[in-house]
Each structure stands twice: as structure tokens, then as C-alpha cells.
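Chain letters run A, B, ... following the sequence lines, proteins first and then strands; every chain starts at 1.
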Amino acid sequence: MNKIEKIYHNLLKEYGPQGWWPLLELDNSNHINITKTGTINGYHPNDYSYPKNENQQLEICIGAILTQNTSWTQVEKALINLKRMNALSVKGFKKLSIGKLKEAIKPAGYYNQKSKKLILFIDFFKNLHGKFPTRNELLEIWGIGPETADSILLYCYNQAEFIVDTYTKRFLLKNKIIDENDFKTLSYDNIKQIFIINLDLNYELFQEYHALIVEDGKNEKNN
DNA sequence: TTCCAGGCAATAC
DNA sequence: GTATTGCATGGA
């Protein structure tokens with residue numbers, strides 16, 4: 001077992017399966033139950049069968065765009081607003097005016113940019129008609145960069161793409177996989193390859209590993 | 001008050 | 001190709 005695999009097993013042992021990507025679960029009266037600090041009751045540990053329908057696919061993609069440089073607690077507020085406006089479906093989203101859209105996603109910040117990104121993405125998504133997008137197709141969309149593309153591929157389409165985010169580089173540095181110089185100079189794809197070459201190409205493993213890195217990163221900050 | 005959060009595009013060099 | 005800057009909100 002290599003070091004990347006070893007660390008994974010330690011993290012899993014420490015935190016347990018995370019059940020990413022979280023999805024909204026509102027009850028019949030639109031009530032939200034908080035179970036995990038700052039999160040809604042949408043985690044599904046040890047169940048990798050999501051998303052289960054097109055609306056859940058869309059919800060993951062919208063969340064991936066909204067969470068760009070923004071904390072998830074803020075994104076949840078925006079998602080709940082959209083859900084209550086019945087806008088977490090292609091049909092419902094298309095009915096939203098630009099003003100209503102901006103109002104709904106305001107808690108997640110950058111609402112001028114993100115409203116534009118969402119509108120462009122939903123047009124792309126609609127034209128897929130259920131087909132899987134390629135990574136390059138996603139990257140051609142204005143507003144979709146490497147991390148958002150990989151988040152969509154990994155958690156919406158269950159493709160074994162490893163996500164590199166702000167936590168991931170710090171995580172590698174902390175575990176002495178890379179040094180300070182690597183931290184400054186390695187590109188997104190360089191970092192991604194470290195995981196790809198050391199792991200089985202298994203989407204369930206990739207989903208869990210990324211979620212555990214984030215959990216570990218959040219935990220680190222509270223210490 | 002300052003800093004930062006599950007980035008990205010535009011611009012500058 | 002690499003470095004810097006604007007985008008916006010709310011919590012710590």
C-alpha cells in the first residue's frame with residue numbers, strides 16, 4: 001500500500017464515510033432538519049447510488065457552481081431558496097427571471113457572475129438530454145473551471161476524476177507528500193496526477209477521499 | 001475589523 | 001506561462 005492509500009485508510013477510520021455530495025431533503029412542509037453542523041439532512045454515507053434522477057443531477061451541478069470560493073453553509077441557503085421557488089429543475093429554473101435568480105442565490109455571493117454561470121450551464125445541461133458531458137465540453141463553458149468540472153464529473157456523473165481544491169494542496173503539504181516549493185508551483189493537473197497514479201480509478205473511492213480531505217481540513221482549522 | 005470560504009475569468013507582465 | 005485583481009456574502 002502506498003502512502004496516498006495509507007492516508008486514505010487512516011482518514012476513513014478516523015472520520016467514517018462522509019456520504020458526499022449532500023442533497024436537499026425537505027419534508028412535506030418544506031422544513032429542513034439540521035443533522036450535521038452547518039449542513040442539511042442530505043448526506044448519505046456509504047450510499048454511492050446518487051444522483052437518482054435528473055433533478056438531483058442538476059442540484060449537484062448548481063451547488064458545484066455556487067460553492068466557488070464560497071462556504072457550503074452559504075450555498076445551502078441559496079439552494080433552499082431555489083428549491084422553494086421550484087427552480088431546482090430545468091423547467092422550473094427556466095421560468096425564473098434574472099432578478100429572482102439573483103435574489104435567490106444572493107447568500108452564496110458573486111450573484112452577478114454566478115447567475116450568468118448558472119444560466120449558461122443549464123442551457124448546456126438541457127441539451128445533453130441525459131448524456132454524459134466530457135471534461136473538455138465542461139471546460140468550454142464560461143464559468144466552469146477544472147475544479148467545478150471535476151466536481152460535476154465525480155459527484156454528478158460518477159466518473160473517477162479527482163478533485164483538487166483549496167484543502168487538497170494543504171492536505172498534501174501537511175502529510176509531506178509535497179514540499180513548500182511544490183505547493184507554490186504545482187498546477188491543478190500536477191496535483192491531480194499525484195492521486196490518479198497512486199489510486200485505483202474507482203469513483204466511490206474518489207468521492208470518499210475528496211470528502212474526507214475536506215472534513216479533515218475543516219477539522220484542522222478548529223484545532 | 002480583518003480574514004476567509006468546497007474558483008474563475010480578465011488582465012498585466 | 002505565471003502573477004495579480006475583481007467578483008459579494010456572511011460567519012468567525
List the atom pairs, donor and acceptor, that lie under 3.5 Å between side-chain atoms in residues 96-105 of chain A and the rest of the protein, sequence neighbours left out.
unit_1: A:S97; atom_1: OG; unit_2: A:K100; atom_2: N; d: 3.1
unit_1: A:K102; atom_1: NZ; unit_2: A:N112; atom_2: OD1; d: 2.9

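Residue contacts for A:K114: at a heavy-atom cut-off of 4.0 Å it reaches no nucleic acid atom on any strand shown. Here A:I141 lies in heavy-atom contact (under 4.0 Å) with sugar-phosphate atoms only.
Listed by first and then second residue, the ring-ring contact (aromatic ring centres under 6.0 Å, His included) pairs that reach into residues 194-220 of chain A are A:Y8-A:Y209, A:W20-A:H210, A:F162-A:F195, A:F162-A:F206, A:F162-A:Y209, A:F195-A:Y209, sequence neighbours excluded. Residue pairs satisfying the ring-ring contact (aromatic ring centres under 6.0 Å, His included) criterion with at least one member in residues 170-190 of chain A, sequence neighbours excluded, are absent. For residues 150-167 of chain A, the set of pairs meeting the salt bridge (Lys or Arg N to Asp or Glu O under 4.0 Å) definition, not counting sequence neighbours, comprises A:R135-A:D150, A:D150-A:K192, A:E161-A:K192.
Whole-Å rounding puts the A:Q113 CD to B:dG7 C1' distance at 10 Å. Distance A:N69 CG to B:dA9 P: 13 Å, rounded to the nearest Å. In this structure, A:I213 atom CD1 and B:dA5 atom P are separated by 16 Å, rounded to whole Å. Here B:dC8 presents its P atom at 5 Å from CD of A:Q68, a figure rounded to the nearest Å. Between the CD1 atom of A:I163 and the P atom of B:dG7 there is a distance of 11 Å, given to the nearest Å. Separating the NZ atom of A:K218 from the P atom of B:dA5 is a distance of 11 Å, rounded to the nearest angstrom. With rounding to whole Å, A:L118 atom CG is found 14 Å from B:dG7 atom C1'.
Residues A:V214 and A:W142 both approach DNA chain B. Their nearest nucleotides, taken by heavy-atom distance, put A:V214 toward the 5′ side. Comparing A:Q74 and A:Y188 by the nucleotide of DNA chain B that holds the closest heavy atom to each, the one mapping nearer the 5' end is A:Q74. A residue-by-residue look at A:T185 and A:N112 shows that A:T185 has its nearest nucleotide of DNA chain C further toward the 5' end.
Read 5' to 3', the first and last nucleotides of DNA chain C with an atom closer than 4.0 Å to a heavy atom of chain A are C:dG6 to C:dG11.
In this model, a donor atom of one side chain and an acceptor atom of the other lie less than 3.5 Å apart for A:D216 and A:Y15. With 3.5 Å as the limit, one finds no donor-acceptor pair spanning the side chains of A:Q113 and A:K116. Side-chain N/O atoms of A:T148 and A:K117 include no donor and acceptor closer than 3.5 Å.
More than 12 heavy atoms of other shown residues, nucleotides or ligands fall within 6.0 angstrom of atom NZ in A:K3. Few gaps surround NZ on A:K126; more than 12 heavy atoms of other groups in view lie less than 6.0 Å from it.
Looking at residues 144-154 of chain A, you'll see A:I144, A:G145, A:P146, A:E147, A:T148 sit with a heavy atom under 4.0 Å from some atom of DNA chain B.
A:R170 has no side-chain polar atom (N or O) that falls below the 4.0 Å cut-off from OP1 or OP2 of B:dC4.
Remark: the separation of the P atoms in C:dA8 and B:dT11 is 15 Å, to the nearest Å.
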